[in-house]
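All values reported here derive from a predicted model rather than from experimental measurement.
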Amino acid sequence: MTRFLMATMLAAAVVTGGSASANAATQCAPRADIIKSLGDKFHESEAGRGLINPNVVLEIFVSDQGSWTVLASDTKGQSCVLSVGEGWDSPTITAAMPGA
């Protein structure tokens with residue numbers, strides 16, 4: 001089973017309380033539930049985040065084994081899985097501040 005399908009089913013399980021059906025409409029759930037599931041099932045923790053706009057944060061979760069998940073989380077506590085994958089490599093990157 002591909003990691004994307006597993007993450008979709010994970011999000012679906014969180015939304016529906018356990019009866020997972022893998023479709024795009026069920027890739028969103030309360031942020032706390034998705035983060036708990038990412039930790040429990042994939043051993044992923046937050047590696048970074050950035051603002052998309054004043055109401056949405058992009059978050060990246062990564063495991064020591066190299067799996068990763070990208071979430072978009074809104075100010076109401078809802079998160080959506082945008083992408084998942086394997087083979088994460090994280091060289092140190094210093095973000096440039098606006099005007100620097």
Side-chain angles (χ1 to χ4, degrees):
M1 183 179 314
T2 68
R3 172 132 164 70
F4 180 75
L5 180 57
M6 288 179 67
T8 301
M9 291 172 63
L10 167 68
V14 169
V15 170
T16 62
S19 66
S21 65
N23 65 48
T26 60
Q27 292 186 45
C28 299
R31 181 179 181 276
D33 294 345
I34 290 180
I35 290 171
K36 181 176 180 348
S37 294
L38 288 175
D40 291 349
K41 294 187 184 273
F42 302 109
H43 308 287
E44 293 181 358
S45 58
E46 188 174 20
R49 70 179 82 100
L51 288 175
I52 293 175
N53 63 47
N55 298 313
V56 180
V57 175
L58 181 82
E59 300 176 280
I60 301 171
F61 290 79
V62 178
S63 76
D64 289 338
Q65 294 76 34
S67 68
W68 55 268
T69 303
V70 178
L71 300 179
S73 299
D74 67 19
T75 56
K76 296 178 183 175
Q78 188 81 350
S79 291
C80 297
V81 176
L82 299 181
S83 188
V84 299
E86 299 289 335
W88 181 264
D89 183 21
S90 183
T92 303
I93 298 172
T94 304
M97 297 302 290

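- Using a 4.5 Å heavy-atom threshold, the side chains of Leu38 and Leu71 count as touching.
- For the side-chain contact (heavy atoms from CB on, under 4.5 Å) test with Ser79, the passing option among Val56, Ile34, Ile35 is Ile34; the others fail.
- Legend: residues meeting salt bridge (Lys or Arg N to Asp or Glu O under 4.0 Å) with Asp64, ordered by chain and number and at least two apart, are absent.
- The nearest pair of heavy atoms linking Thr75 to Pro54 is CG2-O, 3.9 Å.
- Take Glu46 and apply the side-chain contact (heavy atoms from CB on, under 4.5 Å) test, not counting sequence neighbours, and it matches Arg31, Arg49, Glu59, Phe61.
- Sorted by first then second residue, the disulfide (SG to SG under 2.5 Å) pairs that include residues 34-64, not counting sequence neighbours, number zero.
- Identified under the disulfide (SG to SG under 2.5 Å) test for residues 48-83, with sequence neighbours left out: Cys28-Cys80.
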| Derivation of the side-chain contact (heavy atoms from CB on, under 4.5 Å) call for Trp88 and Ser63 | CA-CA 8 Å; Trp88 181 264; Ser63 76; over 6 Å; no
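- For Asp40, the side-chain contact (heavy atoms from CB on, under 4.5 Å) test picks out Lys36, with sequence neighbours left out.
- Counting all heavy atoms, side chain and backbone alike, Phe42 lies closest to Ser67 at O-OG, 3.9 Å.
- Here disulfide (SG to SG under 2.5 Å) pairs that include residues 30-64, with residues two or more places apart or in two chains, number zero.
- Applying the disulfide (SG to SG under 2.5 Å) test to every pair with at least one member in residues 33-73, sequence neighbours left out, gives no pairs at all.
- No continuous path of ILVMFWY side-chain contacts below 4.5 Å connects Val70 to Val57, so the two sit in separate hydrophobic clusters.
- The minimum heavy-atom distance between Ala72 and Leu82, with the atom names listed, is CB-CD1, 3.8 Å.
- Between Gln78 and Pro30, some side-chain heavy-atom pair lies under the 4.5 Å cut-off.
- Under the salt bridge (Lys or Arg N to Asp or Glu O under 4.0 Å) criterion, no residue pair touches residues 65-84, with sequence neighbours excluded.
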